[in-house]
Number of protein chains: 2
Amino acid sequence: MRVLSGQLGGRRRPTIEDVAARAGVSRQTVSRAVNAKGEIHPETRARVLAAIEELGYRPNRLAQGMVTRRTRTVALVAGDIRNPFFGEVAHGAATELGAHDHKLLVMDTYEDAERELAALTELSHDVDGIIAFLYHSELADLEAVATTVPSLVVLNRDVPLPGARVLTIDLVAGGRLVAHHLIARGHRHLAVVVNATQAPGTGRRVSGFLAAAAEAGIEDVVQLPALPSMPGGREVGAELVGAHPEVTGVFAYNDLVAAGLIGAVRRAGLGVPDDLAVVGCDDIALASAWDPPLTTVRIDAEHVGAVAAQHALELLGVGQPAPSGDVFGVELVVRASS
Amino acid sequence: MRVLSGQLGGRRRPTIEDVAARAGVSRQTVSRAVNAKGEIHPETRARVLAAIEELGYRPNRLAQGMVTRRTRTVALVAGDIRNPFFGEVAHGAATELGAHDHKLLVMDTYEDAERELAALTELSHDVDGIIAFLYHSELADLEAVATTVPSLVVLNRDVPLPGARVLTIDLVAGGRLVAHHLIARGHRHLAVVVNATQAPGTGRRVSGFLAAAAEAGIEDVVQLPALPSMPGGREVGAELVGAHPEVTGVFAYNDLVAAGLIGAVRRAGLGVPDDLAVVGCDDIALASAWDPPLTTVRIDAEHVGAVAAQHALELLGVGQPAPSGDVFGVELVVRASS
DNA sequence: ATGAAAGCGCTAACAG
DNA sequence: CTGTTAGCGCTTTCAT
């Protein structure tokens, strides 16, 4: 007999069989009562429910999943849950999933190609659905994942994936908005922080920014690769000050990078926005509390998470259909950093 | 008799049986090769591994769990994953768990008593372990959870739970540090934001703060209940300005509350720290980017998450023993808001 | 309206 | 070292 470490008492968890015995019916009848499936006499049903209550019975999800092939679990695969943006997405998704008795699993990729694929591959066998912010996976790999997992929702990757939902945050527009804003304020020497984990010039927000700048006749935008985090922003801020003193306006990839960048720039003795205008992206809740309050591209992260979850659930045949449309709009929130 | 589903349409996921057939051995032998358990001839092992590779076999976690009674999943139950503090904890925990092939589930409680208990009860049947920031559960309920779930790690609740791990972040000391700091700077009229979801005067950080203030002869500390979020901080900031103009120093419960509070206070025309000194708690990564940079109680959230995960795993008999000791130290980081 | 039988895919215990 | 025998707890046919 095995002793389970950490387990206090010895009582075995009641099974459907125990309930059946107690109620004087068969397992199937209990199952019917629990799942409200198939015809069942109200009186029998009441007796079963009473037995369930008395015994404190809870269906074993594993056993259920074994036969239904569902785990009632959806995973969120994102760069780094420490980024409040993903925290907000996770919150929105978890809330929506919870309303339909599903749970949320989180997995960080660090936007690393290998980790991203490993996460998808591993999860695809263990969860009902995956909601993923993807940056590196090859289409062939994604197709394999889409075939394996019952429900796949891809954000930020405009790939053709039949059977999956491909949702887009309109960051091309976001990037354009930032460029227009900076140029309208008279800035001619621009820089943009690009995600160091991605190919140069790639990424929706960056390409939108570059396109709008080019249209305005500004072709020589400085591109600064950085990790999409506060430390990444610090490094790139120092570099900007040292190597590109002519730049007066920068699009900082996201709010975290903006925070680090602003700190570094000030430490070097320059002022924001006077010497350098800084614009972020995401509009995390705290962006308005900074010094200075951050100009940034607003994304309704919780809404994105909730809608992504709705799509995941719809693909699983649970809940109401998700709203139609596959692009989330963004807007520029002008505060004091630019 | 087996029903074959592979012939016509989509390819069926290979099972251990398929691998066994392909390698010309029994299921048990495949199992041994996969789990590196029991003696197995190296040559046989190689053949099995080859078959696994060719078929792209991955063990079904549900079926495994069915017999091992393990899901390889640990849950983090916390107030609100939108709070970057919990994001950092989640990241630390997920990283540690991932290193041992376990996954992290997240569930928010909003620090609501009912949700907290519901989360614990539901999860206790579905995961191997629970790491929980708890605020409301009765001891009897916790004992029931501890009995059900194989591994329970409780943070922030000093309750006797044999078989579980009860870890403490030394927020009593944190609260004392804040009081000493404020008093040393000459503040005599103090306020403290208390968690509106908890009983007044309760909570480690608050009681530490009040105790140290009392020892210094300050008994009439203003207590302001608020939700532990930025909106909560805004409300309480407005209230502070309107109803308690004599207060010159406030301990804001956590960094989010501090952010909201500072915003509200400024909007009312007062200066921080000149008119009001504000101290937060948690030291989330962004606290140093604010206006002004926030004085706060530093908690190494990622470390807390990682160590909590180590305890959870140790209770499950996985990985190395967690470090001894059950209290996480804190320190006061003095910046410019006080 | 209810029950009986047949597994889902895997591992533990015991043979050989 | 390897195979055989039993289930884990549940739902899905198919009877009755």
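In the text below, chain A, chain B and the rest are named by the order of the sequence lines, each starting its count at 1.
As judged by a 4.0 angstrom heavy-atom cut-off over every strand, Thr29(A) is placed among residues touching the sugar-phosphate backbone only.
Applying the salt bridge (Lys or Arg N to Asp or Glu O under 4.0 Å) rule to pairs touching residues 310-325 of chain A yields Arg165(A)-Glu314(A), sequence neighbours excluded.
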What protein N or O atoms touch nucleotides 7-11 of chain D N or O atoms at under 3.5 angstrom, if any, and at what distances?
residue: dC8(D); atom: O3'; partner: Arg69(B); partner atom: NH2; Å: 2.7
residue: dG9(D); atom: OP1; partner: Arg69(B); partner atom: NH2; Å: 2.5
residue: dG9(D); atom: N2; partner: Ala63(A); partner atom: O; Å: 3.4
residue: dC10(D); atom: OP1; partner: Tyr57(A); partner atom: OH; Å: 2.6
residue: dC10(D); atom: OP1; partner: Asn60(A); partner atom: N; Å: 3.1
residue: dC10(D); atom: OP2; partner: Ile16(A); partner atom: N; Å: 2.3
residue: dC10(D); atom: N4; partner: Arg27(A); partner atom: NH2; Å: 3.2
residue: dT11(D); atom: OP1; partner: Asn35(A); partner atom: ND2; Å: 2.9
residue: dT11(D); atom: OP1; partner: Gln64(A); partner atom: NE2; Å: 2.9
residue: dT11(D); atom: OP2; partner: Ser31(A); partner atom: OG; Å: 2.9
residue: dT11(D); atom: O4; partner: Arg27(A); partner atom: NH2; Å: 3.2

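When rounded to the nearest whole Å, the span between CZ of Arg70(B) and C1' of dC10(C) equals 16 Å.
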Checklist entry - His91(A) and Tyr110(B): ring pair (Phe, Tyr, Trp, His ring centres under 6.0 Å), yes or no, with the steps? => result CA-CA 11 Å; His91(A) 182 84; Tyr110(B) 291 81; 5.4 Å; yes
Next on the checklist: Please determine whether side chain to side chain contact (heavy atoms under 4.5 Å, CB included) holds for the pair Asn60(B) and His125(A), giving the CA-CA distance in whole Å, both sets of side-chain angles, and the decisive distance to 0.1 Å.
Outcome noted: CA-CA 7 Å; Asn60(B) 181 322; His125(A) 296 281; over 6 Å; no
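More than 12 heavy-atom neighbours from other residues, nucleotides or ligands sit within 6.0 angstrom of CD on Glu54(B).
No donor-acceptor distance shorter than 3.5 angstrom exists from the side chain of Asn156(A) to the backbone of Leu134(A), with no hydrogens or angles considered. A donor-acceptor distance shorter than 3.5 angstrom exists from the side chain of Asp128(A) to the backbone of Arg72(A), with no hydrogens or angles considered.
Computed from C1' positions of five pairs at each end, the angle between the two local axes of the helix from dA1(C)-dT16(D) to dG16(C)-dC1(D) equals 30°, rounded to 10 degrees.
Of the inter-residue distances, the one linking Leu120(B) atom CG with Asp141(B) atom CG reads 8.5 Å to the nearest 0.5 angstrom. The CG atom of Asn83(B) sits 7.5 Å away from atom CZ of Phe85(B), with the distance rounded to the nearest 0.5 Å.
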